[in-house]
2 protein chains.
Amino acid sequence: MATMQDVARRAQVSLSTVSYALSGTRPVSDATRRRIEEAMAELGYQPNAMARGLASRRSHVLALIYPAMEKGLGGTVAEFVSSAAETARENGYHLVLWPFRTTQAPEVRDLVRQGMADGVLLMEVALDDARVDVLHEAGVPYTMIGRTRDVSDRPSVDIDFERTTDDAVAHLVELGHEHVAFVNHSQASADDGYAPTFRAEEGFVAAMRRRGLEPHALRVDESPRAGREAVATLLEREPRLTAFVTMNEIATFGVVAELQQRGLAIPADISILSIVTSPGVGEMSNPPLTTLHAPGAELGRLGVQKLLSLVDGSRPSTPNVLIPCVLEPGSSVAPAAGRAPDDDREPAAR
Amino acid sequence: MATMQDVARRAQVSLSTVSYALSGTRPVSDATRRRIEEAMAELGYQPNAMARGLASRRSHVLALIYPAMEKGLGGTVAEFVSSAAETARENGYHLVLWPFRTTQAPEVRDLVRQGMADGVLLMEVALDDARVDVLHEAGVPYTMIGRTRDVSDRPSVDIDFERTTDDAVAHLVELGHEHVAFVNHSQASADDGYAPTFRAEEGFVAAMRRRGLEPHALRVDESPRAGREAVATLLEREPRLTAFVTMNEIATFGVVAELQQRGLAIPADISILSIVTSPGVGEMSNPPLTTLHAPGAELGRLGVQKLLSLVDGSRPSTPNVLIPCVLEPGSSVAPAAGRAPDDDREPAAR
DNA sequence: GCGTTTCGACGAAGCGCTTCGACGGACGAG
DNA sequence: CTCGTCCGTCGAAGCGCTTCGTCGAAACGC
């Protein structure tokens, strides 16, 4: 493998001149630069990543701490990871995967100290997350996907749950729905400090109250069976329900199945609006679900960009952002039963 | 950040002795080793990854070239990636993500030359894949997930499509099914040289013929709509069909929907056995699908282990392996219509 | 015309580690 | 008691690059 020294010899210049030509840190005359570029091309030269990293104290590696979930990763996570990796690459960085859960803060600290990563992206932060503290103390640039309890000055990008739940409620209310239930993630997720469970619930409750409506929210285990039971519970609590907002993909399938089994047609009798969904999930139901799908790819891109602005002072800094979910029309939402047909159109959710 | 020099000073030994104590490359007395370990603990020492990499010419990084698919990644890919990352970490390696499609062999070559990765894991190899050639020529250790056209001596792990399709057919035949159709991936995937499309089709055809049965295989686009159309096409071709084997998750939902719409009960009238499925997909149908699910996690683990055995001569080498999919019972497969009820049990798939 | 900038290039000192050759002392063999 | 071995340790030479200080020569001002 050709080294920078080889290039220098071939171009009849000193090693350092090659380095400057490559980095642009100091001026190099056009003639010299040309000779160097030729030499590099002829030798197929590629700078050695380790040497460069050692000398510059810049590994050009970003680490992504992702949830090593037992349940397997959902499509949103995959989309996020993929988009993050791609964005990193476009900017000359590598993305390494660090599978660490909230409890593994010490491991994170050790890895960070090895200087392998210039910055860290932290997915699925819990409300109280020791990993964040570790990163903060270590002084490594980092960006959270999600937010810790205190909505502090810590750099983050996140889904805008308030906006998303409000959009969902608004969409349904415009169609005449007044009795709407919310199928949330499980109690177990809440116990783990999984933030979306709280933020979405609060958002839904607020959105309903704001419109003078009674919110019916339920935390439901991530299983079709629990989804079926949720329908039973919620319909008992409020028989006049005409719509469900769901943020629990697996349970949603149970909800659909149970409603159909009870002879309730979707969307004629009951509407279902599934929020924060993974790509393609809507299509897997019959009828296809109307969804507000999670902006996984966008989060990945923005997260990396934000992190890079922290790592590399020369890039424009980007502010903390909240991204709402995007409406993807399906066939599971219709005007509330009993409404005049001229209300038939579905207004945009935004 | 403490350096090895700091540790050496504190433990009153030379730099090199610390290095030997850490690596075990040369003997170090117990007393000395103890002093060194104490010093390391007191300083919170962690060896610098870049320096170590430069000096040893070992980055301790594995690269995973994964399909930067437009369609978004499926659960199997996510499971694979996650398991690969975890296995790498358990062995003291990092996993970096390189999103490159088949056409980006030059980019792969450049990155490899930068010496960032000790070895490369290549997902979703196409039948003819320039990336493999590049890796081969560069002399980097690599392992393919999947296989190229010539079933050569190239290191790989893969799903055992023959076995999986044969298991599927066997399972159905034991239940009395004689007219079975296969819903494959799309023609487009075949045109891209996507190997599973071919291997599974060949496997299915062979499995049917071996039993004296007529195979009905169809390549179907990855959409529910195409799945519905496939049902129409196949039922027209062979009205006596009692079972579908599907290897196309999105289309499968269309298949289910179309059958139900035609008043055909699943599994009473028609059985559906979905193969090479992502985790959790079965539960998303109503009734839940019986599946042979893809061993994503196992492939990830074995792929990394194989690669490490190539990278690091001191590890036991592992042979090329083919892993079959695993039966996950659901409620979409039953004895063929018209069969006696005493045949009611579902035999194990192998 | 001479001193002073400015520009472009050079040499050398690291970055923090691995690894090779060497060496002193303890120990067994003769 | 002496010589050869082996064990444990040390010093130094890189690994391939970045970056600082420096310096010659061309360009400039008065």
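So that the names make sense, note that chain A is the first sequence line, chain B the second, and so on, each numbered from 1.
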Basic-acidic side-chain contact under 4.0 Å: A:Arg109, A:Asp133: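 So A:Arg109 does not pair with A:Asp133 through a salt bridge.
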Ranges pairing with ranges for DNA chain D, where each run has three or more Watson-Crick or G-U pairs under 3.5 Å: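 The stems are C:1-30 with D:1-30.
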Set of residues satisfying ring pair (Phe, Tyr, Trp, His ring centres under 6.0 Å) with respect to B:Tyr45, sequence neighbours excluded: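 B:Tyr45: no ring pair (Phe, Tyr, Trp, His ring centres under 6.0 Å) contacts found.
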For A:Phe80, all residues meeting ring pair (Phe, Tyr, Trp, His ring centres under 6.0 Å), sequence neighbours excluded: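 Expected list: none.
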From B:Ile323 atom CD1 to B:Leu302 atom CG, the distance as rounded to the nearest 0.5 Å: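 CG of B:Leu302 is found 4.5 Å from CD1 of B:Ile323.
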Side chain to side chain donor-acceptor pair (under 3.5 Å) assessment of A:Asn91 paired with A:Arg315: CA-CA 11 Å; A:Asn91 289 278; A:Arg315 292 170 199 264; 3.0 Å; yes
Report, one pair per line, the protein and nucleotides 7-9 of chain D atoms (nitrogen or oxygen only) whose separation is under 3.5 Å.
unit_1, atom_1, unit_2, atom_2, d
D:dT9, OP1, B:Ser29, OG, 2.8
D:dT9, OP1, B:Thr32, OG1, 2.0
D:dT9, OP2, B:Ser29, N, 2.8
D:dT9, O4, B:Arg26, NH1, 2.9

A:Asp30 CG to C:dC7 C1', straight-line distance once rounded to whole Å: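 It works out to 13 Å between those atoms.
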Going by atom types only, do [X] and [Y] share a side-chain donor-acceptor pair under 3.5 Å?
X: B:Asp158; Y: B:Ser156; value: no
X: A:Asn320; Y: A:Arg147; value: no
X: A:Ser29; Y: A:Thr32; value: yes
X: A:Asp129; Y: A:Thr148; value: no

Distances under 3.5 Å only, N/O to N/O: pair up the protein atoms with those of nucleotides 14-17 of chain C.
unit_1, atom_1, unit_2, atom_2, d
C:dC15, O2, A:Ala55, N, 3.4
C:dC17, OP1, B:Tyr45, OH, 2.5
C:dC17, OP1, B:Asn48, N, 3.1
C:dC17, OP2, B:Met4, N, 2.4

Any residue meeting side-chain hydrogen bond (donor to acceptor under 3.5 Å, both in side chains) with B:Thr143, in chain and number order, not counting sequence neighbours: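 side-chain hydrogen bond (donor to acceptor under 3.5 Å, both in side chains) check on B:Thr143 returns nothing, list empty.
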